[in-house]
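Just so it is clear: chains get the letters A, B, ... in the order the sequence lines come, proteins before strands, and each one is counted from 1.
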Amino acid sequence: MFELKFNQDLCYHCNTQACLTKCKFMDIDNATAKNEILKIVRGEDSFVLHECVTCYACEEYCPYGNHPFYLIVERQEALGITPQPLPLVKRAINISIPFRGEPEINEINGPVINLGAFSQLKNKIQGKLFDGLSIISSDERKMFHYFCQLMYLHYGKISLIKERLPNVISTITKHKPAEVICFHDECYGAYTSFCNAYGISVPFRPVHLFEYLFSRLIKLRDLIKPINIKVAYQRPCSSRLCPDKHLYVNRIFELIGAVLVKRQFSDENALCCGLTIQGQKKEGSRKRALEIQRKNIEDIEMAGAEVCVFNCPACFDTLSIKLKERNIIPTFMSDLCRISIGEISFNDIKMSG
Amino acid sequence: MDSIYNALCDIVGKEYCSNLPEEIYIYSYDLGTAEPKKPDYVVSPRTVEEIQKIVLLARDKNIPLVPLGGGLSLAGLAIPQKGGIVIDLKRMDSIIEVNERARYAVIECGVSQGQLISYLKKHHPNLTHSEPGAPPAATVAGNIIIHGQGDLAHPYGFSSDMVLGLEVVLPSGDIIRIGSCALGSGWFTIHPLPDIGLFLGWCRTTGIITKLSIKLFPAKKIRGTGTFVVEDEELIPEIIYKITHTQIPEDIIVYSRAIPPFAKGLHHITVNLAADSEKELEFKQELIWDDTLGEYIKNDLGGYLGFTKELERPQISKTSDYKKGGGFEYVGGIMPIDTYPQCYIRGREISEKHDIPYTVTARIIGLAHSMMFAWTYAFNRADEETIKKAREALYETDELVIELGGVIWKPGIYGQRLVMDRLHPGTKNLMKKIKTIIDPLGIMNPGNWELL
Amino acid sequence: MTLNDFQYSNIIHRCFRCGYCKFPVDWTDVNNCPPYARFRMESYSCGGRLWLTRAWLNEQINWSEYLAEILYSCTTCKNCEIKCPLRFNVDIVNMVVSARAEMVEAGKVPKAVKDFLQNIELYGNPYGASRTNRIAWTKGIEIDRYNGHEYLLYIGCAGSYDIRAQKSSKALAQILLKAGVSFGVLGDEETCDGNETHNLGEKGLFELLANKNIKTFNKMGVSKIITLSPHAFNAFKNYYPSYGGNFNVFHYTHILNSLLKTGRIKFSDSFHKKTVFHDPYFLGRWNGEYETPREILRVIPDIELMEMEKNRSGALCCGGGSGNFQMDLLGGSESSPARRRIREAYEMGAQIIAVSCPKCLIMLEDAIKAEGMDDKLSVMDISEIVAKACNI
Ligand SMILES: Cc1cc2nc3c(=O)[nH]c(=O)nc-3n(C[C@H](O)[C@H](O)[C@H](O)COP(=O)(O)OP(=O)(O)OC[C@H]3O[C@@H](n4cnc5c(N)ncnc54)[C@H](O)[C@@H]3O)c2cc1C
Ligand code: SF4
Ligand code: SF4
């Protein structure tokens, strides 16, 4: 079985304890943080394992790229501490079991975009920006063959990822992709951060959607008309696994002339959408999730956004109705880019959101 | 020439009368596993007078009559067991009156669920009726006649408990009215006149309902569904008891099924909540998910899956495509809530034995006074073998309902026999006498409830 | 032919006959499948048709002229495909068309269908009218024969021969002339586009027509086509490419809309009428185009544009599709879809029903007469409305 490459020496010698002191869901001072992280390193129980809401953020906070969040989930599983109640864990385990036959494998020998478990969002990858890309996982019935499984980080089930991910990688590899653009950055995080941390080999080159969009936009530069709309960005938990790609949000916005509004909860200080929190076992979780959502929405509104861009379809589903109630239009990055090159109008996203 | 055909054409017009093989074929089937039986004629009348004339003709010529609404009741209920005239009632589709203040609607028998919902939404947005999960082409009348249950069954009971008045054409050809409308008053109450409501649940063997008045209920501005997931079936009765104690939900459904995999071995309890404001909604949510179900979450026994605003029209017909085969049928049992674990376990066994992915659903009726537990069996219409298996499974399930102390809901012929065999002799006798008085020739839907 | 040989044998049994397909988007009534609305027998519903087709292929029932009429009464309007919740829904119309192809193959089609197809074969139009009369509609205006113009204006059979539809053809040509668009017509060399032929299941004839048209267009160097009819638009856009005909196809409303936007046509007169737009399904449900006609109407001076309850993807078809503007298998009753549509418009208080299809124009015009509503409302093609507002 794959083992987490975790360098505990880094923790012993770390004087920031950023992983825990920066946590937005626990109020921990340096001394306690050091104590607790070392307990976790040693495999002992820690309140952190119980209080963690699984927002992934500590993966980004750690200045050494030492994987504190993966470690936390490892220990949660080892000690039988599941953040979610067992019936939800069972449901989650079952949800991604493919049951509608094997996918058709066609060899592509070119760049592909992998929709992962979001086949129904085919309409988000249309037009010139995606010219020349083959789509894999475009059939909803087969999409779980392409699902990166990282979701189980929320369920204290890291073993399941280790068990299933290699099969998914091999399915994708069978398509002979030159490179794999990941529709969701959770997939990207899986094939980069997670696989690195566990030494799982990835025989294809994963590409982050935003990086891809940026490079396409550069090529289509002549078509771009600045869109001059005030846009907020809702950063998802999975983005914490690839903070270097988060930079592309800014770059894309600059290129297409969208005005990125200044939010309190942005970048490192982002606040998750609360979806995973609402069902957690910890008392008051449902209310906690609502509170987080309220904070996000108010923040977006206060920043003066007309549009809110999402990377993660789950965040989109969680927040979009509430945004619409406040006349803020939820959308995906690709659609925003398409407006800038004149393929769709502001009205279109208003209607389709 | 066929004189009955001609007479029927005279009544409804040539276009709405047929004895051609095409119509005979279509009207000999329902959607389920029941064996087809050919009608001799199909008519589609537009008025009560036309219906009356058809009945008089049938009485004089001693021809069976089979009323048909949406034809979606399954179990072969609208198949002409002994031939005769199928009366397709869907052209009787006027919405006659909606009384906003007294919250009722008077409609003709052919009005579909979809039509009423759409009409209320447009003209009376504060009102709604209890809509079953059936396809929207089902008629409102068809649903109350068979004691159906809709999405307000939890607070208000069976659809037939919501009837406030009826107009019926008897097998004699007489037109009668029941409820306050019989006094020439509004159609606002079925009580307190002597109870002669002999037209619901009699499996249309006593008359043809032409008009009905039904209760409408407040339609709140926000409606949505929350879901709670439980693994241990033994906990379901207790959890339902607790949820219903709050008297807050509009609809409570529990389901478990083999496909898709997330539903297998788990029980999803969906709870519909309605509110006029976010404040009201959150109050209700708190009461249900936190105060009532919080302890189950804490103890790892249940999980809150979230709440989605806006009710989607249920598309249970999708079940028919599980085997890519265009068909399913279910047995509905009206059961005590306590039988849930047994209903589930035994139902799964029956499904597995017949090689059908199991699907069970329970809708809570009348503050958990009972539940409608449905065991659904999908089949492939193009594969006779799967139809046979589904049919066997249905029969075994009919028996299971009786064994577990329930009552079979809208039984087909097989289930009807099981019920009649066990009916209290006095009751059976009285029913027999009533049937003889109302329909001495036995022209109404013969072949059903025959031993009566 | 047996069920096994049928192209859709693996899905035709999947229809549950649950009846979602009878409704418009908002569930107002069960009258949005035109033949079901007309006859109100289950046999005429979409599900009934699929079941009967299967029963016929399965030899459970025999072919009859009546069975064929049930099949040919489907206007291929695709309301059912929008409403059916099951995955096979994308193939419902394909199944109907394939079953018709079997009937054509076996030489077993209703007389009206036979005449329709025969006329197209012999005269290049379903009316059995002479080819030379194809240019009758141009009387009184000077229109170039296509000769290297930017656009070919393809009028089609209805716009060429039907007296009512001719007026819309003329109005369109006049607008294009006034706007200085470079276009020409084929005149008596024009022949049927074959859209109906295709959907009636006469594949051989359709291929003939498509190949012939593609050859003509190519020979003349046509690259951009404006069609009067959404039917022709559909054929050129969706069917011709697989026969090697790749043209840039526009429905005329696309062109008018851009002429308006670029200021090449300007309104001078007021059109103060309560107007509703009736969506033709070959623009709407078949090609996803709902807004362009509305964009044009919205800017007509003083117009009071209203929406019918059944609009866009929920619009009720006029009953003219699949050759029924001529064969009229759905006519002859107050339940005929066109007459229902007229009453719907009237009940909303509309004075004008705007259309963007010559078949809708013919069907609805006749329905107004049949309803005796000549003095209450009228039907106008968008080309006619625009022409009027431009004082042409
Ligand atoms: C996918 C699916 C989901 C369903 N879900 C539900 C559900 O959630 N709740 C529920 O209650 N049911 C449900 N049903 C069962 C059934 O479809 C509904 O109860 C429906 O309302 C029956 O109405 P109908 O018009 O189709 O009745 P029909 O099948 O036409 O008629 C039912 C019976 O009443 C008789 N009848 C019809 N009209 C008259 C009349 N005017 N006078 C006298 N007799 C008449 C018929 O002869 C027949 O015996 C479901 C069915 C399906 C296929
Ligand atoms: S076509 Fe679809 S909606 Fe219509 S009856 Fe068949 S399954 Fe139902
Ligand atoms: S295409 Fe139109 S006419 Fe044909 S079955 Fe579907 S809804 Fe009816």
Asks: Parallel, tilted or perpendicular: which fits the ring planes of C/W51 and B/Y29, with parallel below 30° and perpendicular above 60°?
Replies: perpendicular

Asks: Which bit of B/L31 is near chain C, if near means a heavy-atom gap under 4.5 Å: side chain, backbone, both or neither?
Replies: both

Asks: Any idea which of C/S43, C/S335, C/S333 has the most non-hydrogen atom pairs under 4.5 angstrom with chain B?
Replies: C/S43

Asks: Identify which part of B/Y25 has an atom lying under 4.5 Å from any heavy atom of chain C, answering side chain, backbone, both or neither.
Replies: side chain

Asks: For the interface with chain C, which of B/K90, B/R91, B/K121 has the highest count of heavy-atom pairs at distances below 4.5 Å?
Replies: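 Going by pairs under 4.5 Å, I would pick B/K90.
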
Asks: Tell me, side chain or backbone of B/D30 under 4.5 Å from chain C's heavy atoms, or both, or neither?
Replies: backbone

Asks: May I ask you to decide if the ring planes of C/Y44 and C/F39 are parallel, tilted or perpendicular, using 30° and 60° as cut-offs?
Replies: parallel

Asks: Does the C/E371 side chain pair with the main chain of C/D366, one donor and one acceptor, at a distance under 3.5 Å?
Replies: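 Answer holds: no.
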
Asks: Highest number of heavy-atom pairs under 4.5 Å with chain C: which of B/G70, B/A137, B/G71?
Replies: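 Heavy-atom pair counts peak at B/A137.
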
Asks: Which region of C/R49, side chain (C-beta onward) or backbone (N, CA, C, O), has a non-hydrogen atom less than 4.5 Å from a non-hydrogen atom of chain B, or is it both or neither?
Replies: neither

Asks: Do the non-hydrogen side-chain atoms of C/H13 and C/F88 ever get within less than 4.5 Å of each other?
Replies: no

Asks: Return yes when atom NZ of C/K376 has more than 12 non-hydrogen atoms of other residues, nucleotides or ligands closer than 6.0 Å, and no otherwise.
Replies: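 Correct, the count exceeds 12.
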
Asks: Which atoms of C/I61 are under 4.5 Å from chain B, going by heavy atoms: the side chain, the backbone, both sets, or neither?
Replies: side chain

Asks: Please classify the contact between C/S9 and chain B as side chain, backbone, both or neither, with a heavy-atom cut-off of under 4.5 Å.
Replies: neither

Asks: Top residue by heavy-atom pair count (under 4.5 Å) with chain C, among B/G325, B/G327, B/S18?
Replies: B/G325

Asks: Checking B/V111 against chain C: side chain, backbone, both or neither under 4.5 Å from a heavy atom?
Replies: neither

Asks: Does NZ in B/K388 sit with more than 12 non-hydrogen atoms of other residues, nucleotides or ligands closer than 6.0 Å?
Replies: no

Asks: Quick one: what part of C/I11 sits under 4.5 Å from any heavy atom of chain B, side chain, backbone, both or neither?
Replies: neither

Asks: Classify the angle between the aromatic ring planes of B/F328 and B/Y330 as parallel (below 30°), tilted (30 to 60°) or perpendicular (above 60°).
Replies: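 Because their plane-to-plane angle is under 30°, the rings of B/F328 and B/Y330 count as parallel.
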
Asks: Does NZ or CZ of C/K83 fall inside the cone over C/Y20's six-membered ring, less than 6.0 Å from its centre and within 45° of the axis?
Replies: no

